[in-house]
Amino acid sequence: MDKLDVKSRPELFDFHGVCMTHFYTDNWENMQSFHTRPDDILIATYPKAGTTWVTYILELLNFGQTEAQTTIPIYKRVPILEAAFPILQQGLGPSPPMYKGTDHLDNLAISPRIIKTHVPVQFLPKSFWEQKSKIVYVARNAKDTVVSYFHLERMTTLHPEPGDWSNYLQRFIEGKMVFGSWFDHVNGWWEKKQTYSNIHYMFYEDLIEDTGREIDKLCCFLGLSPSAEEKEIIIGKVSFDVMKNDNMVNRSTVKKFDFTKSSFMRKGKVGDWKNHFTVTQDEKFDENYKQKMKNSTLQFRTEV
Ligand code: PPS
């Protein structure tokens, strides 16, 4: 990601009914035929749900504290399955070489591999279902998600131009975002959980409320039993302030992120949406939300 050849922002386009950019579809066939290993752990989220947070928790639970965590950025330790990024090449060539999440994963010698994805449930390669892979899904309330996504897209040319806040909010409601509709995403994975027992569905708000309790639930799901001391170390290492100052997780090494515009580890709170939504925007959003979630049993908290 430090050598990405990205000069202009990508366009959104309809991909099998979901808005995507080519950075996440250019390696589609390899992605669809990806072979999982029996002990792989997938972390699946709609963008900005707390993926990095839970990824780091998963690493610490599975491997403890490692040398790699102090020398290799987290996005290189835990690849994005669907990523297909052009890489800067030396000299002139007709087609730029591509960084492929699938190649990276195939070459990862660690066990278990932790694999990141933002794809909606219908796009997950069948190997995950066939192997009954363990899947951790993290969801975050829509209002804080859209705020966090807006600030991310302001800071990186890896995503389409966000435009102004008010239009952005409208686009979010309509699902015209990279990886599509938040509504479809959280509900699609939630429905899958009802028939596929190996999904552990978590909420960002619960993690904020009581990180230790959520780590206990994760351990139950993963069949891990860290000591009280190990758990305390993990809770300390994954606190917002510690992660914000950790260059291996805070994305300070990503050249395509402009930190003068925002930060990746930005606020880390529930309820920052209140600093962005006007009263009118909030009312309109709630009206749309009610409509779109009317058949869902999912409940989100917008304050804790
Ligand atoms: S991405 O780009 O989709 O991988 O981003 P993702 O990691 O899912 O989400 C980034 C948001 O998660 C917040 N975050 C945390 N909050 C609380 N505690 C900890 N430890 C933590 N780590 C990451 C991060 O600050 C982003 O949210 P916002 O609201 O923008 O601050």
Side-chain angles (χ1 to χ4, degrees), residues 1 21 23-24 42-60 69 73-83 85 101 114-120 136-160 162 165 168 172 177-180 182 185-186 189 202-212 214-215 218 233-254 256-257 259 261-277 302-304:
M1 242 146 281
T21 69
F23 291 140
Y24 303 107
L42 183 75
I43 162 103
T45 61
Y46 189 79
K48 312 321 289 176
T51 331
T52 312
W53 193 5
V54 176
T55 299
Y56 197 25
I57 293 173
L58 286 171
E59 278 195 315
L60 288 161
Q69 289 159 10
I74 196 160
Y75 53 84
K76 291 191 179 166
R77 308 194 306 254
V78 176
I80 305 177
L81 176 67
E82 59 274 15
F85 300 131
I114 300 170
I115 303 173
K116 168 177 171 176
T117 188
H118 287 312
V119 296
V136 176
Y137 185 84
V138 190
R140 186 182 193 181
N141 80 76
K143 292 180 181 178
D144 284 321
T145 298
V146 61
V147 168
S148 182
Y149 212 168
F150 177 65
H151 288 293
L152 175 87
E153 295 202 329
R154 287 198 313 114
M155 70 186 291
T156 180
T157 53
L158 293 171
H159 278 249
W165 163 245
Y168 192 82
F172 181 86
M177 313 290 297
V178 191
F179 297 106
W182 174 91
H185 209 285
V186 296
W189 281 96
M202 305 175 70
F203 296 91
Y204 179 93
E205 295 74 26
D206 291 349
L207 268 163
I208 289 280
E209 186 176 67
D210 190 337
T211 310
E214 295 308 307
I215 289 178
L218 246 187
I233 291 173
I234 295 175
I235 292 173
K237 285 197 77 82
V238 304
S239 73
F240 181 78
D241 291 338
V242 172
M243 280 182 65
K244 190 175 174 65
N245 289 310
D246 179 344
N247 289 338
M248 294 300 114
V249 294
N250 66 15
R251 303 296 201 278
S252 55
T253 49
V254 179
K256 290 290 163 194
F257 281 6
F259 284 83
K261 301 257 171 66
S262 187
S263 327
F264 183 83
M265 299 286 305
R266 198 183 53 88
K267 293 265 180 86
K269 289 201 158 55
V270 181
D272 185 43
W273 62 271
K274 292 178 192 163
N275 299 316
H276 292 75
F277 282 59
T302 52
E303 42 198 303
V304 169

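Heads up: numbering here begins at 1 and tracks the sequence. Indexing begins at 1, ligand by ligand and atom by atom, following the structure's order.
- Contacts between Arg140 and ligand 1 below 4.0 angstrom, taking non-hydrogen atoms only, involve the side chain exclusively.
- In His151, neither the side chain nor the backbone holds a heavy atom less than 4.0 Å from any atom of ligand 1.
- Heavy atoms from both the backbone and the side chain of Lys48 come within less than 4.0 Å of ligand 1.
- Both the backbone and the side chain of Phe264 come within contact range of ligand 1, each with a heavy atom under 4.0 Å.
- Ring geometry, Phe179 versus Tyr24: the interplanar angle falls from 30° to 60°, so the pair is classed tilted.
- Ligand 1 has a nitrogen or oxygen under 3.5 angstrom from a nitrogen or oxygen of His118.
- Donor-acceptor pairing under 3.5 Å is recorded for the side chains of Ser252 and Asn250.
- By the criterion of a heavy-atom distance under 4.0 Å, neither the backbone nor the side chain of Lys269 is placed next to ligand 1.
- Residue Val238 touches ligand 1 through its backbone alone, judged by heavy-atom distances below 4.0 Å.
- In this structure, Lys244 does not count as a contact residue of ligand 1, since none of its heavy atoms falls inside 4.0 Å of the ligand.
- Ring geometry for Phe257 versus Phe259: interplanar angle of 30 to 60°, hence tilted.
- Every atom of ligand 1 with a heavy atom of Met243 under 4.0 Å away is listed here by number and element: 20 (N), 22 (N).
- Look at Tyr204 and you'll find a heavy atom under 4.0 Å from some atom of ligand 1.
- Tyr204 and Trp53 have their aromatic ring centers within a separation under 6.0 angstrom.
- In Ala49, the part holding a heavy atom less than 4.0 Å from any atom of ligand 1 is the backbone.
- With atom 28 (P) of ligand 1 as the reference point, the heavy atom nearest to it among Ser262, Gly271, Ser148 is part of Ser148.
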